[in-house]
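Read the structure below first, then the notes.
Values below: every heavy atom of this structure, side chains too, minus hydrogens, waters and symmetry copies. Nothing fancy with the numbering, it's 1 onward along the sequence.
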Amino acid sequence: MNVQKYRRNPVLKFPERTWPDREIEKAPIWCSVDLRDGNQALVEPMNVEEKTEMFELLLRLGFKQIEIGFPAASQIEYDFLRMLVEKNMIPEGVKLQVLCQCRQDLIDRTFEAISGLPDVIFHIYNSTSTLQREVVFKKDKEAVKQIAIDGTRMVKEGLKNFNGRLQLEYSPESFTGTEVDYALDVCEAVIKEWDHATDQPVIINLPATVEMNTPNVYADQIEWMSTHFSRREDIVLSVHPHNDRGTGIACTELALLAGADRVEGTLLGNGERTGNVDILNVAYNMFSQGIDPELHIENINEIVDVFERCTKMDVDMRHPYAGKLVFTAFSGSHQDAINKGEAAMKERADGIWQVPYLPIDPADIGRKYEPVVRINSQSGKGGVAFVMDSVYGYKLPKKMQREFADVIQRISEQEGGEVKPEVIMKNFRAQYLDLKEPFCLKYVDINDNLGDDTASVHLDFTFEGKDFSTDAEGDGPVDAAKTAIRQCVPQADFSVEDYTEHSLSVGSHAKAAAYIEISDRRTGEVSFGVGVSSNITRATIRALFSAMNRMMQKAKDNA
């Protein structure tokens with residue numbers, strides 16, 4: 001780790017900054033560069049069919065500005081652009097953007113490519129950084145500035161034979177490594193040379209071509225530029241952040257605070273090296289704060305599917321918003337908090353999303369068919385309870401949650417890995433609903449209309465294979481059933497501690513679930529039982545038999 005070989009990049013001294021006191025209040029102008037910047041960074045660039053699919057996705061998402069390529073540098077990109085024009089595939093209100101270096105032959109070729117386009121952004125650039133001036137171009141400041149002026153003049157000349165609407169964009173590439181006063185000088189020279197050649201404002205794009213410092217420094221650079229343009233009202237201030245330091249999202253958000261009007265980026269952050277800023281990430285962040293991102297991004301699964309197919313790249317499982325695991329929780333404490341948050345939100349019924357560990361409702365971006373909680377050996381009772389409630393509708397009593405969670409945790413420890421919801425339900429049925437030994441209820445008839453809270457019950461059941469038929473009365477159906485059972489099986493010595501019930505579904509075929517807690521009078525050990533029926537009282541009797549079977553099983557295991 002030879003740290004001595006590196007030097008700190010300079011920090012802009014800008015005490016007049018105001019961006020720390022601002023808030024993002026609206027969406028910027030979005031420009032997708034997936035088909036250019038994203039495509040050129042792929043191991044296997046997209047073919048025409050894949051480009052078309054990606055283009056159509058971008059249109060569905062609502063992008064109004066799309067940089068489709070560098071048509072003067074690639075025949076494939078030239079042909080793709082011509083196909084879009086000739087097949088009339090560009091909706092009204094959508095601007096295509098083309099990139100071009102400040103060279104006459106490339107600018108002429110680009111004008112050929114955009115012929116027939118009704119609305120286009122002509123994006124020119126040259127690198128202005130101290131390092132590139134010294135080691136790549138070996139030119140002084142005036143010579144590098146002249147490249148930008150000449151390129152602008154060439155585009156203005158090309159306008160004479162172009163019939164559509166054209167908006168100029170200029171990027172001082174490697175802006176983050178350029179002295180801000182010099183970057184301003186170059187951009188002002190471009191604006192002056194253009195001099196309202198069309199009725200559309202010039203886009204001045206200030207790219208973090210390479211991230212060189214912390215996001216606050218980029219924000220200072222953007223605000224300094226924004227406040228020093230002589231004709232700020234005549235420009236659209238754009239940013240194009242990369243992600244070399246892993247802070248592309250932060251740089252973008254702080255740049256918006258600092259005065260940027262427009263953001264160039266890609267879906268899911270594809271691009272050179274560590275990629276461009278992930279436009280989806282920034283847009284979803286806005287959405288989570290109640291700001292309309294002005295993009296149709298409610299189906300992240302479709303976006304990921306098209307992206308992976310066209311780019312042949314995988315989206316990481318932990319990628320913000322888009323990853324398969326970002327709306328899941330394995331930690332028991334997280335699962336418990338999510339469970340309680342969902343319950344509290346239902347009680348409030350105010351329509352406001354506030355759930356611990358989930359900044360947005362997964363359903364809002366098309367993830368509603370995936371379980372929010374994933375169960376493994378690290379999970380707790382809250383997670384298992386959440387799955388049983390959210391997936392299957394069973395609202396387990398709090399005391400019972402620990403008992404059943406222990407069952408699932410043992411399965412996870414024995415088999416390793418995640419326990420799927422269907423496996424959890426299979427074991428719930430085996431442990432509670434389908435447990436028929438040593439007691440098996442055959443028939444129950446209940447009369448609870450005797451007055452004075454008294455009920456009578458008739459039971460037909462088997463115990464260890466022997467048939468019994470009995471009647472009894474008690475203080476309610478449960479007490480009557482307990483008395484009836486004790487008459488036939490004296491060793492079933494238990495007391496009922498608690499029971500609850502709720503509806504499992506709605507409609508004419510609604511079913512009820514009942515939960516009973518009993519304790520063994522000989523050992524004091526507690527057992528739970530569950531019963532389901534279209535009749536709530538019958539469900540409660542079934543729950544009683546379920547609890548007795550679990551009590552007997554525990555006694556047998558402890559013998």
For Glu211, the salt bridge (Lys or Arg N to Asp or Glu O under 4.0 Å) test, sequence neighbours excluded, returns none

Applying salt bridge (Lys or Arg N to Asp or Glu O under 4.0 Å) to Lys192 and not counting sequence neighbours gives none

- Does Val186 reach the side chain of Tyr170, with side-chain heavy atoms less than 4.5 Å apart? yes

Do the side-chain N and O atoms of Trp19 and Asp220 include a donor-acceptor pair separated by under 3.5 angstrom? yes

Handout entry: Side chains of Thr18 and Glu223, donor plus acceptor under 3.5 Å
Key = yes

| query | Does Arg348 pair with Asp350 as a salt bridge, N-O distance under 4.0 Å? | reply | yes

Sorted by chain and residue number, the salt bridge (Lys or Arg N to Asp or Glu O under 4.0 Å) partners of Asp234 (sequence neighbours excluded) come out as Arg231

Is a side-chain N or O of Gln335 found less than 3.5 angstrom from the main chain of Ala329, in a donor-acceptor match?
yes

Check whether Arg133 reaches the backbone of Thr128 with its side chain - one donor and one acceptor, N or O, closer than 3.5 Å. yes

Check this for me: does any side-chain nitrogen of one of Arg309 and Asp305 sit under 4.0 Å from a carboxylate oxygen of the other?
yes

Sorted by chain and residue number, the ring pair (Phe, Tyr, Trp, His ring centres under 6.0 Å) partners of Tyr357 (sequence neighbours excluded) come out as His334

Distance col, row Phe55:CZ vs Cys310:SG, nearest 0.5 angstrom, shows 13.0 Å

Per side chain to side chain contact (heavy atoms under 4.5 Å, CB included), Met286 is matched among Leu256, Asp292, Leu295 by Leu256

Residue pairs meeting side-chain hydrogen bond (donor to acceptor under 3.5 Å, both in side chains), one or both in residues 41-52, sequence neighbours left out, come to Glu50-Lys312

Could you tell me whether Lys95 and Glu169 have a side-chain N and a carboxylate O separated by less than 4.0 Å? no

Those residues at least two apart in sequence (or on a different chain) that pass salt bridge (Lys or Arg N to Asp or Glu O under 4.0 Å) with Asp150 are Arg153

